Amino acid sequence: VKLYYTTQTSTPYTWTQYGTTYTSTPISFTAAAEGTYGFKISAYNNAGVADETDPPSIATAPESSTIVDTTGPSQPANPSFTATGGTQVADYINPTNTGFTVSFTSPSSNYAGTAHLYVGGADFSPALTWTVSSGSTTYTITGDATAINQLAVGSNALTVVIIDAAGNVGTASSTMNVIKDLTLPT
């Protein structure tokens, strides 16, 4: 078989042969850059006769396509922590709080994905997430008592990170330093 690829997403297609002639599968394709790649296979019988036009014509559509995306989402901005329930003190969790929210602004471009709230560079368990579908928009992630229990007594570094559909991890937001103080005043 011969493998052809194109980076055009509509006619006229410009087809390029990848490698030489392959006699076994799978065929491993390495993309030269990000973008959409369409694929077409031309098969030959033992007499060397192709099953269709070889190379494919400019009107021949890809048999399959894939998107190559290796760039992570841009950095979320303006992260802000607020305790909920009980006595609320900026950037603190105390024994009276029942949860918290973290608000952030999505990047203006390259924003699509799932925002994760990290503590110390790792997900909460279960993960605290929100779907980001618009740029320059304020989103809020909510943590409950279970999330509060996962915070260490003392200082905690919280960040928001967006992960896109391709699994690319974006740049973390600026750090929110949140202090969990369980000591009651005397």
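All of these numbers come straight from a predicted model, not from anything done at the bench. Just the heavy atoms: all of them, side chains too, but no hydrogens, waters or symmetry mates, feed the values below.
In this structure, Tyr18 places its OH atom where more than 12 heavy-atom neighbours from other residues, nucleotides or ligands lie under 6.0 Å away. In the displayed structure, Ile27 atom CD1 is contacted under 6.0 Å by more than 12 heavy atoms of other residues, nucleotides or ligands.
For residues 51-85, the set of pairs meeting the ring-ring contact (aromatic ring centres under 6.0 Å, His included) definition, not counting sequence neighbours, comprises Phe81-Phe100. Applying the side-chain hydrogen bond (donor to acceptor under 3.5 Å, both in side chains) test to every pair with at least one member in residues 127-142, sequence neighbours left out, gives these pairs: Ser103-Thr140.
Considering only heavy atoms from C-beta on, Val68 comes within 4.5 Å of Tyr37 through its side chain. The side-chain heavy atoms of Ser80 and Phe104, taken from C-beta on, include no pair separated by under 4.5 Å. Counting only heavy atoms from C-beta outward, the side chains of Thr7 and Thr36 never approach each other to under 4.5 Å. Contact of the Thr84 side chain with the Thr98 side chain is registered, since non-hydrogen atoms from C-beta on lie closer than 4.5 Å. Taking the side chain as every heavy atom from C-beta outward, Lys40 and Pro62 never approach each other to under 4.5 Å.
Between the Thr6 side chain and the Gln8 main chain, a donor and an acceptor come within less than 3.5 Å of each other. Between the side chain of Thr11 and the backbone N or O of Tyr13, no donor-acceptor pair lies under 3.5 Å. Using modelled atom types, one side-chain atom of Asn97 and one backbone atom of Asn94 make a donor-acceptor pair closer than 3.5 Å. Remark: side-chain polar atoms of Asp181 are paired, donor with acceptor, to backbone N or O of Thr183 under 3.5 angstrom.
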Verdict with supporting geometry, Phe39 and Phe29, ring pair (Phe, Tyr, Trp, His ring centres under 6.0 Å): CA-CA 10 Å; Phe39 299 97; Phe29 177 82; 4.9 Å; yes
Hey, mind stepping through Leu151 and Ile93 against side chain to side chain contact (heavy atoms under 4.5 Å, CB included) and telling me if it holds? CA-CA 9 Å; Leu151 296 172; Ile93 286 287; 4.0 Å; yes
Test Met176 against Asp91 for side chain to side chain contact (heavy atoms under 4.5 Å, CB included), laying out the working first. CA-CA 8 Å; Met176 296 163 283; Asp91 299 322; 5.5 Å; no
Derivation of the side chain to side chain contact (heavy atoms under 4.5 Å, CB included) call for Lys180 and Ile148: CA-CA 8 Å; Lys180 182 176 177 182; Ile148 288 175; 4.3 Å; yes
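Note: Ser155 OG to Asn177 CG = 4.5 Å, rounded to the nearest 0.5 Å. Here the CG atom belonging to Leu3 is positioned 10.5 Å from the OG1 atom belonging to Thr16, to the nearest 0.5 angstrom. The distance from the OG1 atom of Thr175 to the CG atom of Asn156 is 11.5 Å, given to the nearest 0.5 Å.
A search for ring pair (Phe, Tyr, Trp, His ring centres under 6.0 Å) contacts involving Tyr111 returns nothing, not counting sequence neighbours. Residues forming a side-chain hydrogen bond (donor to acceptor under 3.5 Å, both in side chains) with Gln17 (at least two apart in sequence, or on another chain): none.
Scanning both residues, Thr53 and Pro55, for their nearest heavy atoms gives CG2-O, 3.3 Å. Minimum interatomic distance between Thr21 and Lys2 (heavy atoms only, all atoms of both residues): OG1-CE, 3.8 Å.
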Would you tabulate the side-chain donor-acceptor contacts of residues 118-128 under 3.5 Å, counting partners in other chains and residues two or more places apart, or write 'none'?
from	atom 1	to	atom 2	distance (Å)
Asp123	OD1	His116	ND1	2.9
Asp123	OD2	His116	ND1	3.2

Show every donor-acceptor pair shorter than 3.5 Å between a side-chain atom in residues 158-174 and any protein atom, with sequence neighbours excluded, or say none if there are none.
from	atom 1	to	atom 2	distance (Å)
Asp164	OD1	Ala166	N	3.0
Asp164	OD1	Gly167	N	3.1
Asp164	OD1	Asn168	N	2.8
Asp164	OD1	Asn168	ND2	3.4
Asp164	OD2	Asn168	ND2	3.1
Asn168	ND2	Asp69	O	3.0
Asn168	ND2	Asp69	OD1	3.3
Asn168	ND2	Thr71	O	3.4
Ser173	OG	Val160	N	2.9

